[in-house]
A.B. asks: 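Structure provided below as C-alpha cells; questions to follow.
Chain naming here is simple, since letters A, B, ... match the order of the sequence lines and numbering starts at 1 in each.
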Amino acid sequence: MSVTTRFAPSPTGFLHVGGARTALFCYLQARSAAGKFILRIEDTDLERSSEESVQAILDGMRWLALDYDEGPYYQTHRFDRYAEVTRQLLAERRAYHCYCSKDRLEVMREQQMQQGLKPRYDGFCRERQDIPADIKPVVRFRNPDAGDVSWDDAVRGQISISNSELDDLVIARPDGSPTYNFTVVVDDVDMAVSLVIRGDDHINNTPRQINIYRALGADLPQFAHVPMILGDDGARLSKRHGAVGVMQYRDDGYLPEALLNYLVRLGWSHGDQEVFSRAEMIEHFDIRDVNRKAAAFDTQKLDWLNQHYMRTMPAAEVAEHLRWHFDHQGLDPQQGPALADLVSVQAERVKTLREMAEVSAVFYRDFDEFEPGAAKKHLRLVAAEPLQAIHTKLAEIENWQPQQLHEAVQQTAVDLGVNMGKVAQPLRVALTGTSVSPAIDKTLWLTGKPRSLARMDVALKYIEQRGATE
RNA sequence: GCUCCCUUCGUCUAGCGGUCCAGGACGCGGCCCUCUCACGGCUGAAACACGAGUUCGAUUCUCGUAGGGAGCGCCA
C-alpha cells in the first residue's frame, strides 16, 4: 500500500525549525515509500493567518528543497466542503446546534476546575428542544460517551484514552466557519492521507479526531507524533533562543544541506552515522525509528555540520550560496578572486557563509588602516627587510599560484636565515591589516598580485614613518 | 486540578536480558602538526533519575516515586 503524507502548517509566522523537521520527516517518509507528499495550508483562522506567512512557509520549503507532489491546498478554499460535511453530521444527529453562551461555558469551566475536574462541555444542548431565535448557534460534534479510543502511534506506541475524558467539541462557529479538529479530519480523509506526521502537541487532539473519522465512516490513517524541539536550555524553542525561523538560518549563513542533516539527526539515528546525503536519508529514514523524547537544539553541532558541508560540497555550489551573502553585505564578487576559489580556502576556517563573507571582505575592497595591535607587533623596523625582500621576489612571479607563492615566501625566509613567521606575519598584516588570515600563500593568491604589491608598499611606508617617529 | 506523554555523558544519540566497569558524534581538556586563525592526528574527562519487583542475570521487562513536557478554546 502506498503512503501519503502531508505537512499542514498554519500561516501565523515563519516556517519554524520544528515545523521544518516535521516537513522533512513527512517528505522522507513519502519519498522512501515512493508515496505522495502533500502541502496544505491551514488558514481557517482568518484573524491570525496572513499572506506573508504563507509566503514565508513556501520560501522555507523551497530553500530546503522539500518539494511536494500536491498543493499547496488552502483550507479557506474548502469552506463549502466543510459546510457540506457539517450538514451531513447534523442530519445524522452526530452533531447538534449549541446555543450556550460563552459566559455560561466559562462559569462552568471554572466550577469544574475548582472541583478538581477536567473542564468539559456538559452536553446541555444535546437534546435541547427550544430554539432561541436571537442566538446564532455553534455546531458541536456529539462525542461517544462510553468506551476508549486507542491507536498505535508510529513513534509513541500504544496510546489510549477514555471517551469520558472527552467532550463535544465545536466544529463550526456561529458564522459557519469550521474549526481545526474538524477540518484536518475532513481534509485528511478527502486527500487520502494515510500517515499523519505532526508534533506531539497534537496527541491530545487525536482521540477526538479519531471519533470524527468514525462518525464519517472513514478509515483511520496511521498517526506519528514526533517530539518537539527544545532550545539549548531545555525550554521550549522560542524567539529568545535566537533563530527559530528557517530563513533566519539562511541569513545566518547555513547551507540548507547542513540544516536538513542536523534536523534529521535530531531525534533519529542510523547507527553511528552523522552525515547523510539526501539519498541516504531517504534510504534509511523510517518514522518508526524516531525517538519519543524532545530534543534540544544544539547550534554548535549545526555549526560543525555546516562547516563539513562547506568543505565537502563542490566549491562552485557553495559559492552560489555565498553570493547571496556578498550581496547582502554589499560586497562585489567582481572586485576580487573567484568565489569558488575563496570557498576552497575559507571553508575550513569559518562556521558559516556569513562569517566567510565577513572575513573575506579584505580580498574585495581595500582596508583603511592596520589593526593597531597587529601593526604594533608585526610592522616594526625589523620587518622592513623581510618585507622588502619578499616584495622583490613576488614582483618577479608571473604564475601567481599558491605553489609558487609558497616557495617564494619560504625561500625568502631561508635567504634571510629566519623562520617562516618572521616573513609571513609582517606580510600577513601588510596584506590584510590583521594578524589572522588563511595560510600566507593562499592569502597572497586570493589577494592577487597587483593588490598584494600595492599593500606591501603601503606597509613599508608605514614602517618607515613609524621608525621616524620612534 | 484533571488527562495524556517523556526520562542513557553538558547536548544529539547507540543499546532492543548476559557481547556494557555502556559505544559514536558535537562541545570541552591535553599533546602533536604549524607562518596566524583554522583544519587534521592522537589522547583524556564525562551518562544508564530514584526505589521496588520479575529473572540465574537488568541500561534493556513490570510497577511505583521524583522531575519534565503537552493538552484541557467558538487557536491551530
A.B. asks: How far does the C1' atom of A66(B) sit from the matching atom of A49(B), given to the nearest Å?
C.D. replies: 8 Å
A.B. asks: With sugar-phosphate meaning primed atoms plus P, OP1 and OP2, does T179(A) contact a base, only sugar-phosphate, or nothing at under 4.0 Å between heavy atoms?
C.D. replies: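 The answer is sugar-phosphate, as T179(A) gets under 4.0 Å only of primed atoms, P, OP1 or OP2.
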A.B. asks: On RNA chain B, does the nearest nucleotide to R156(A) precede the nearest nucleotide to S437(A) from the 5' side, or the other way round? Give the residue.
C.D. replies: R156(A)
A.B. asks: In whole Å, what separates the C1' atom of C39(B) from that of C48(B)?
C.D. replies: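 These two C1' atoms come out 35 Å apart once rounded.
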A.B. asks: If you define the side chain from C-beta out and look only at heavy atoms, does anything of L416(A) sit under 4.5 Å from K422(A)?
C.D. replies: no
A.B. asks: Exactly one of Q346(A), E355(A), Q329(A), R349(A) should register a side-chain hydrogen bond (donor to acceptor under 3.5 Å, both in side chains) with S360(A). Which one does?
C.D. replies: Q346(A)
A.B. asks: Is R292(A) side chain donor-acceptor paired with the C6(B) base, going by distance under 3.5 Å alone?
C.D. replies: no
A.B. asks: Quick one: label K102(A) by what it contacts on the DNA or RNA (base, sugar-phosphate, nothing), any heavy atom closer than 4.0 Å.
C.D. replies: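 Base contact - K102(A) has a heavy atom under 4.0 Å of at least one base atom.
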A.B. asks: When all nucleic acid strands are considered with a 4.0 Å heavy-atom cut-off, which category describes I203(A): base, sugar-phosphate, or nothing?
C.D. replies: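 Here I203(A) touches the backbone only, sparing every base.
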A.B. asks: Reckon V138(A) touches a base, only the sugar-phosphate, or nothing at all at heavy-atom distances under 4.0 Å?
C.D. replies: base
A.B. asks: Relative to the 5' end of RNA chain B, which residue comes earlier, Q300(A) or A424(A), by the nucleotide with the nearest heavy atom?
C.D. replies: Q300(A)
A.B. asks: Look at N291(A) and A14(B) and indicate whether a side-chain polar atom (N or O) is within less than 4.0 Å of OP1 or OP2.
C.D. replies: yes
A.B. asks: For G69(B) versus C63(B), give the span between their P atoms, rounded off to a whole number of Å.
C.D. replies: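 Here G69(B) and C63(B) have their P atoms 24 Å from each other.
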A.B. asks: Roughly how far apart, to the nearest Å, are U7(B) and A14(B) at atom P?
C.D. replies: 11 Å
A.B. asks: Can you confirm if the NZ or CZ of R40(A) lies within 45° of the ring axis of F7(A) and under 6.0 Å from the centre of its six-membered ring?
C.D. replies: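 Judged by the rule, R40(A) and F7(A) form no cation-pi pair.
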A.B. asks: Can you tell me the distance, in whole Å, between the OH atom of Y262(A) and the P atom of G27(B)?
C.D. replies: 12 Å
A.B. asks: Send over the distance from L431(A) CG to C35(B) C1', rounded to a whole Å.
C.D. replies: 12 Å
A.B. asks: Which value, in whole Å, describes the distance between the P atoms of nucleotides U13(B) and C32(B)?
C.D. replies: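 Those two atoms are separated by 36 Å.
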A.B. asks: Which class fits the ring pair H225(A) and F223(A): parallel under 30°, tilted 30 to 60°, perpendicular over 60°?
C.D. replies: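 It falls in the parallel class, under 30°.
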A.B. asks: Please state the C1' separation for the pair U59(B) and A47(B) - nearest whole angstrom.
C.D. replies: 10 Å
A.B. asks: Scan A439(A) against the nucleic acid and name what it touches under 4.0 Å (heavy atoms): base, sugar-phosphate only, or nothing.
C.D. replies: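 Contact class for A439(A): base.
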A.B. asks: Pick from T179(A), D187(A), T44(A): which one makes a side-chain hydrogen bond (donor to acceptor under 3.5 Å, both in side chains) with Y82(A)?
C.D. replies: D187(A)
A.B. asks: Taking CD1 from I440(A) and P from U34(B), how many angstroms apart are they, rounded to a whole number?
C.D. replies: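 In whole Å, U34(B) P and I440(A) CD1 are 17 Å from each other.
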A.B. asks: Spell out yes or no: do the side chain of Q112(A) and the base of G1(B) have one donor N/O and one acceptor N/O closer than 3.5 Å?
C.D. replies: no
A.B. asks: So, is T44(A) close to the A76(B) phosphate, meaning a side-chain N or O under 4.0 Å from OP1 or OP2?
C.D. replies: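 Yes, such a contact exists.
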A.B. asks: Can you see whether Y121(A) has R140(A) sitting over its ring - NZ or CZ less than 6.0 Å from the centre and within 45° of the normal?
C.D. replies: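 Flagged: R140(A) positioned over aromatic ring of Y121(A).
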A.B. asks: Tell me whether the OP1 or OP2 atom of C74(B) has a side-chain N or O from R109(A) closer than 4.0 Å.
C.D. replies: yes
A.B. asks: Using the P atom as the reference point in each nucleotide, state the distance between G30(B) and A45(B) in Å, no decimals.
C.D. replies: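 Per the computed distance, 15 Å lies between those P atoms.
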A.B. asks: Using whole Å, what does the distance between atom C1' of nucleotide C39(B) and atom CG of N306(A) come to?
C.D. replies: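 Computing the N306(A):CG to C39(B):C1' distance gives 16 Å.
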A.B. asks: Can a donor-acceptor pair under 3.5 Å be found between the side-chain atoms of N205(A) and the base atoms of A76(B)?
C.D. replies: yes
A.B. asks: In whole angstrom, what separates F223(A)'s CZ from C5(B)'s C1'?
C.D. replies: 16 Å
A.B. asks: Within the structure shown, what part of the strands sits under 4.0 Å from H202(A) by heavy-atom distance: base, sugar-phosphate, or nothing?
C.D. replies: base
A.B. asks: Please state the P separation for the pair U60(B) and C9(B) - nearest whole angstrom.
C.D. replies: 14 Å
A.B. asks: For a quick check of understanding: with a heavy-atom distance under 4.0 Å over all strands, which category does S269(A) fall into, base, sugar-phosphate or nothing?
C.D. replies: sugar-phosphate
A.B. asks: Under 4.0 angstrom, heavy atoms only, what part of the nucleic acid is G199(A) near: base, sugar-phosphate, or nothing?
C.D. replies: nothing
